[in-house]
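Working notes for the structure below.
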Amino acid sequence: MSIWNKLDNMDRRWIYLLVGISVIIPFIFPVQLPVSITPEAQAVYDAIEEIPDGSVVMLVFDYYPSTIAECEPIAVAALHHFFRKNCKVITLSNIPYGGPSMAESVTRRMAVEYDKVYGVDFVNLGYKYSYVAVLSGMGQSIESIFPTDNSGTPLDSLPMMDSVYNYEEVEFIFEVADNSTADYWVSIVNAQYGKKMVCGSTAVMAPKYYAFVASGQFIGLLGGMKGAAEYEQLINRNGTAMVGMDAQSLVHLLIITMVILGNISFFATRRKRKK
């Protein structure tokens, strides 16, 4: 039996095995395939680079646990960038399911790496119901909306918040979202208070937010795992997004190869059958 006959009659389980191997390889042996940088991702990086060191910024965890694979690498990369510039980071969430705990987990883990102190270098405000009222209210007074942090500590007892009253003291906002709460950050906080902001979203949400970039309401945009990988590459901190993109790229290459070989084997065996 020729190689084309064997390929034509290949057990599909071999293909599944090859796909599995292609996914696993980058996690064991990082491939670090190049990722092209889009103008929107470059704009995110440039905007944060322009923030004066030590500025107060907001990092918003508006995504559910189901989209951690796409959104958390964006939040982690943003914290790398902010902590590297010694920014004072306020985190909060408009998502009741998982948002506050994910913010707590990510910030505490990153704080150890950068030797940051809670209450001095970063604060997690947690979650409050009714994001329209929350976003509007923080424009007048953050403490009136969040009298305590996520752990129940009074806000006025945290040194970092002594000089932060409302959006006036916040230099920059980074929204990470998998839902339409990003719309309200634009319509309320950007439109009414003129706050500079960027967005990291799931890939399926990104097409909508390109319009916000075009209008100047978002300075830049990171779309899905690809956007997160671009950002990781820009800050020179390859993480889970780069690994995920390597796995996707290898699987795509495998599929393309199998499609080409499958077509060749089909025409080769058909010619032999005609003869």
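Only heavy atoms go into these numbers, but all of them, side chains included; no hydrogens, no water, no symmetry mates.
- Each of M58 and V120 belongs to its own hydrophobic cluster when Ile, Leu, Val, Met, Phe, Trp and Tyr are linked at side-chain heavy-atom distances under 4.5 angstrom.
- The minimum heavy-atom distance between E49 and K85, with the atom names listed, is O-NZ, 3.2 Å.
- Note on M242 and V251: separate hydrophobic clusters, where clusters join Ile, Leu, Val, Met, Phe, Trp and Tyr whose side-chain heavy atoms are under 4.5 Å apart, directly or indirectly.
- By the neighbour-count criterion of 12 heavy atoms within 6.0 Å, atom CZ of F146 is densely surrounded, having more than that number from other residues, nucleotides or ligands.
- Side chain to side chain, N150 and Y127 fail the donor-acceptor criterion of an N or O pair below 3.5 Å.
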Side chain to side chain contact (heavy atoms under 4.5 Å, CB included) between T38 and K226, intermediate numbers included: CA-CA 10 Å; T38 60; K226 170 64 162 55; 4.1 Å; yes

Test side chain to side chain contact (heavy atoms under 4.5 Å, CB included) applied to V170 and M138, step by step: CA-CA 11 Å; V170 177; M138 286 196 296; over 6 Å; no

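- Between L158 and M160, the closest side-chain pair of non-hydrogen atoms is not below 4.5 Å.
- Linking ILVMFWY side-chain heavy atoms closer than 4.5 Å, directly or via other members, places Y209 and I219 in a single hydrophobic cluster.
- M197 and Q217 get closest at one heavy-atom pair: CG-O, 3.7 Å.
- Under a hydrophobic-cluster definition in which Ile, Leu, Val, Met, Phe, Trp and Tyr are linked whenever side-chain heavy atoms come within less than 4.5 Å, directly or via other members, I68 and V23 are assigned to different clusters.
- E143 and S141 are not linked by any side-chain donor-acceptor pair at a separation below 3.5 angstrom, with hydrogens and angles left out of the test.
- With sequence neighbours excluded, the residues forming a side chain to side chain donor-acceptor pair (under 3.5 Å) with K116 are N86, listed by chain and number.
- With contacts defined as side-chain heavy-atom distances shorter than 4.5 Å, the pair I37/E230 qualifies.
- Here the side chains of F174 and F82 are in contact, with some heavy-atom distance below 4.5 Å.
- Hydrophobic clustering of Ile, Leu, Val, Met, Phe, Trp and Tyr side chains at less than 4.5 Å, counting indirect connections, unites Y167 with V198.
- Side chains of K88 and V164 form no contact here, defined as non-hydrogen atoms less than 4.5 Å apart.
- Among V117, V89, T91, I90, the single residue meeting the side-chain contact (heavy atoms from CB on, under 4.5 Å) criterion with F122 is V89.
- The shortest side-chain heavy-atom distance between R84 and I235 falls under the 4.5 Å cut-off.
- Between the side chains of Y118 and D149, at least one donor N or O sits under 3.5 Å from an acceptor N or O.
- Across all their heavy atoms, G220 and A43 have their closest contact at CA-CB, 4.0 Å.
- Y63 meets the ring-ring contact (aromatic ring centres under 6.0 Å, His included) test with F61; sequence neighbours excluded.
- More than 12 heavy-atom neighbours from other residues, nucleotides or ligands sit within 6.0 angstrom of CG on D162.
- Minimum heavy-atom separation, S93 to G99: OG-CA, 3.4 Å.
- A salt bridge does not link R109 with E113: none of the charged nitrogens is closer than 4.0 Å to a carboxylate oxygen.
- The two atoms that bring P65 and G98 nearest to each other are CG-CA, 4.1 Å, heavy atoms only.
- Of all heavy-atom pairs between C87 and V57, the closest is CB-CG2, 4.0 Å.
- Looking at heavy atoms from C-beta onward, P147 lies out of side-chain contact with L155 at the 4.5 angstrom threshold.
- Y210 OH: more than 12 foreign heavy atoms inside a 6.0 Å radius.
- For T181 and N94, the side-chain atoms include no donor-acceptor pair closer than 3.5 Å.
- By the side chain to side chain donor-acceptor pair (under 3.5 Å) test, S201 pairs with no residue at all, sequence neighbours left out.
- A distance below 6.0 Å separates the ring centres of Y231 and H81.
- The closest side-chain heavy-atom distance from V186 to D183 is not below 4.5 Å.
- In this structure, I15 and M258 have side chains that are in contact, with non-hydrogen atoms separated by less than 4.5 Å.
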Q192 and V189: CA distance, side-chain angles, deciding distance, side chain to side chain contact (heavy atoms under 4.5 Å, CB included) verdict: CA-CA 6 Å; Q192 296 182 32; V189 183; over 6 Å; no

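- Of the candidates D62, L59, T202, L59 is the only one forming a side-chain contact (heavy atoms from CB on, under 4.5 Å) with V176.
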